Every structure is written in C-alpha cells, then in structure tokens.
Amino acid sequence: MFVVGGSASQLLSKELAKCLKAKLAKVEVKRFPDDECYVRIHDDLDGKDVFVVQTTWPDKNIVELFLLQDAVHEFDVSTVTTVVPYFGYARQDKQFEKGEPISARAIARLIQNQTDAFLTVDIHATNIIDWFDEVSAKNVNAYPEIGKFLKGLGVQVVLSPDEGRWENAKRVADIVNCEADFLVKERIDGETVQMAPKKLDVNDKTVAIVDDIIATGGTIAKAAEQLRKHGAARIFAACTHGVFAKDGLNKLRTVCDAIYSTDTIENPTTSLTVAPQIARLALDM
Ligand code: R5P
C-alpha cells in the first residue's frame, strides 16, 4: 500500500501512511517558469493499492491532484483511492442564479473519472457525496479528533455558532465530557445583532466554539465578542478546515484565546490530525 501526498497535504499524508501502515511515496512536484505544474512519482506503484491525498484548494492544487491521479494510473496499480481532505467549491453545491455552474458537481465529476474510491472530510454539503455515483465515496467526520484534542484543555462548554451544526458540537462535547449549546441571534435594531447561548450560562467558563470551517472568521469573531460580553473567561475556536481568508486569522487572534484547526488545510493553527478517522473509513471500504 502506498500514500501519494500532494503538496497541499504533506502533513496529513505522512500521518495517514503511518495509520494505514503504508509507504509514503517519493513525489516530486515542481512549477515550470510559466507556473504550470509538473509531478513525478519516484516509487514503483505496480500492483499496489494507492491513496492519493490532496486538498483541492486553492485552485492550483486541483490541477496538481488531476496530474497525480494521472501519474498513478500510468502504473499498473491495483486500486486508487482519492482522499480530498478539504473539498474546495463545496459551498457552490446548487445553482443559485440561472447561468451559474454547480461548481461542486463539476469538481466531483472530474475527480471521479480517475479513482476507484473517494474520501473527504466534513464536506460542507453532504449531498456532494452523491455525485460520486460510480465509485464508493464517504465523508469522514473530524469531530471525534477535535473532541479528543479539546478534552485536555479544560473546556467546560462546547458551542456551535448556530443551530444548524449543533449536532457536531454535541458530539465534541460528549467526548470532552462537558455541556453543549448553540448560539442564537437576536436582532435588536437595524444595526445591532446580539448572540447568546440558547440555554447555558458561560460566565467565568472556558468555552470552545466549534465549526466545520473558518473562512473569513466573521462568524467566530462575532460569536467570541458576544461570549466575552456574557463573561466567558477563556474562548477557544476549533474547526476542521482553517481557510482564514482575508486576514481572518489575525482578526480572530484579537478575540479568541487560542485557535485550533486540523491538517485538512495546513496553516499556522494546525494542531491535530484527522488521519486516524480517514484510515478507519478507508479500511472499511
Ligand atoms: C456555515 O455554514 C459554516 O459552518 C461556517 O460557519 C461559515 O462558513 C464560516 O464562514 P466565515 O468564517 O466566513 O464566517
């Protein structure tokens, strides 16, 4: 068994190889002077089960994934499983206006063309998995790992920024062994929106806001400001996918005591790996 790691997913590829007891393939990735991508796999993959691991964000990493899949198929491999730790374009999963593409489906179809199985992590809209209709496809949940990580940090309340993802906060809280709640927005007037936990008192408590993705950081920043007003002593933010667009990380650092994310996107807040959860499902397929 071999893991072929793309340049966007180096940390996770190493961890996954360990969990799967697989070899980490020697992969060369370079850019030509015109910025086109060049890849080469230096191990012999004939007869092997191969995992190609690459986050498809930002765009240049999508092309690299397609080249890696193609390079793998140049060997006489046994099976190919494509692992996309963070699936870019997942937020355009329907046509909102006439004339738009269904971007998530477009990417899904291209990935599916070159794989026998597909795995991703906490995909923003689970219906995207259905577009992998010709291969076995699964969505891995990072929340057990986030729960294990937060357990050691003295967290007393786990919060979801909204009711929609409350189930995930609850799963994390069950592992941490603390209470869970979600934040409710209340519009005070045209310019003021307040947020408060639905039922729990956070005064003097260590709280963790848990979300699937931090993109601009706006959602968590607003939640953290409001929790501070409600007396929270320490505020942690934890997410699966740390995108941190538009200076989002610096903005969050002013309102949170610490920020944690997984290795689906490698960034300065990456503190834990989702590899054990990917390996668990991969060995089940
Ligand atoms: C929303 O559905 C998601 O779970 C996140 O809360 C959202 O995508 C975060 O975006 P931002 O960081 O830009 O507020």
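Values in this document were obtained by computation on a predicted structure and should not be read as measured data. Atoms within each ligand, like the ligands themselves, are counted from 1 in listed order.
In terms of polar-atom proximity, Pro161 is not counted as a contact of ligand 1, lacking any N or O under 3.5 Å from an N or O of the ligand. In terms of polar-atom proximity, Gly217 is counted as a contact of ligand 1, with an N or O under 3.5 Å from an N or O of the ligand.
For the residue pair Thr270 and Asp263, no side-chain donor N or O sits within less than 3.5 Å of a side-chain acceptor on the partner. With no hydrogens or angles considered, no side-chain donor-acceptor pair links Glu266 and Gln10 at under 3.5 Å. Checking Tyr143 against Asp174 by side-chain atom types alone, no donor-acceptor pair falls below 3.5 Å.
Asp212 OD1, 2.6 Å is the protein heavy atom nearest to atom 4 (O) of ligand 1. The protein heavy atom nearest to atom 13 (O) of ligand 1 is Thr216 OG1, 2.6 Å. The nearest protein atom to atom 1 (C) of ligand 1, hydrogens excluded, is given as His124 CE1, 3.8 Å; this is a heavy-atom distance. When only non-hydrogen protein atoms are considered, atom 14 (O) of ligand 1 lies nearest to Thr219 OG1, 2.5 Å. For atom 9 (C) of ligand 1, the closest heavy atom belonging to the protein is Ile213 O, 3.5 Å.
Applying the 6.0 Å contact sphere to CD of Gln95 captures more than 12 heavy atoms from other residues, nucleotides or ligands.
Each of the atoms 12 (O) of ligand 1 lies under 4.0 Å from some heavy atom of Ile214. The atoms of ligand 1 that sit less than 4.0 Å from any heavy atom of Arg91 are 8 (O). Ligand-side atoms of ligand 1 in range of Arg165: 2 (O), 4 (O), range being under 4.0 angstrom from any heavy atom.
Aromatic ring pairs are classed by plane angle as parallel below 30°, tilted from 30° to 60° and perpendicular above 60°; the pair Phe132 and Phe118 is parallel.
With respect to the salt-bridge test (charged N to carboxylate O, under 4.0 angstrom), the residues Arg228 and Glu225 do not qualify.
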Can Tyr86 and Asn61 be said to form a side-chain hydrogen bond (donor to acceptor under 3.5 Å, both in side chains), step by step? CA-CA 11 Å; Tyr86 171 62; Asn61 292 323; over 6 Å; no
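With a heavy-atom cut-off of 4.0 Å, Asp211 touches ligand 1 through its side chain alone.
Figure legend: cation-pi geometry between Lys30 and Tyr38, with NZ or CZ positioned under 6.0 Å from the six-membered ring centre and within 45° of its axis.
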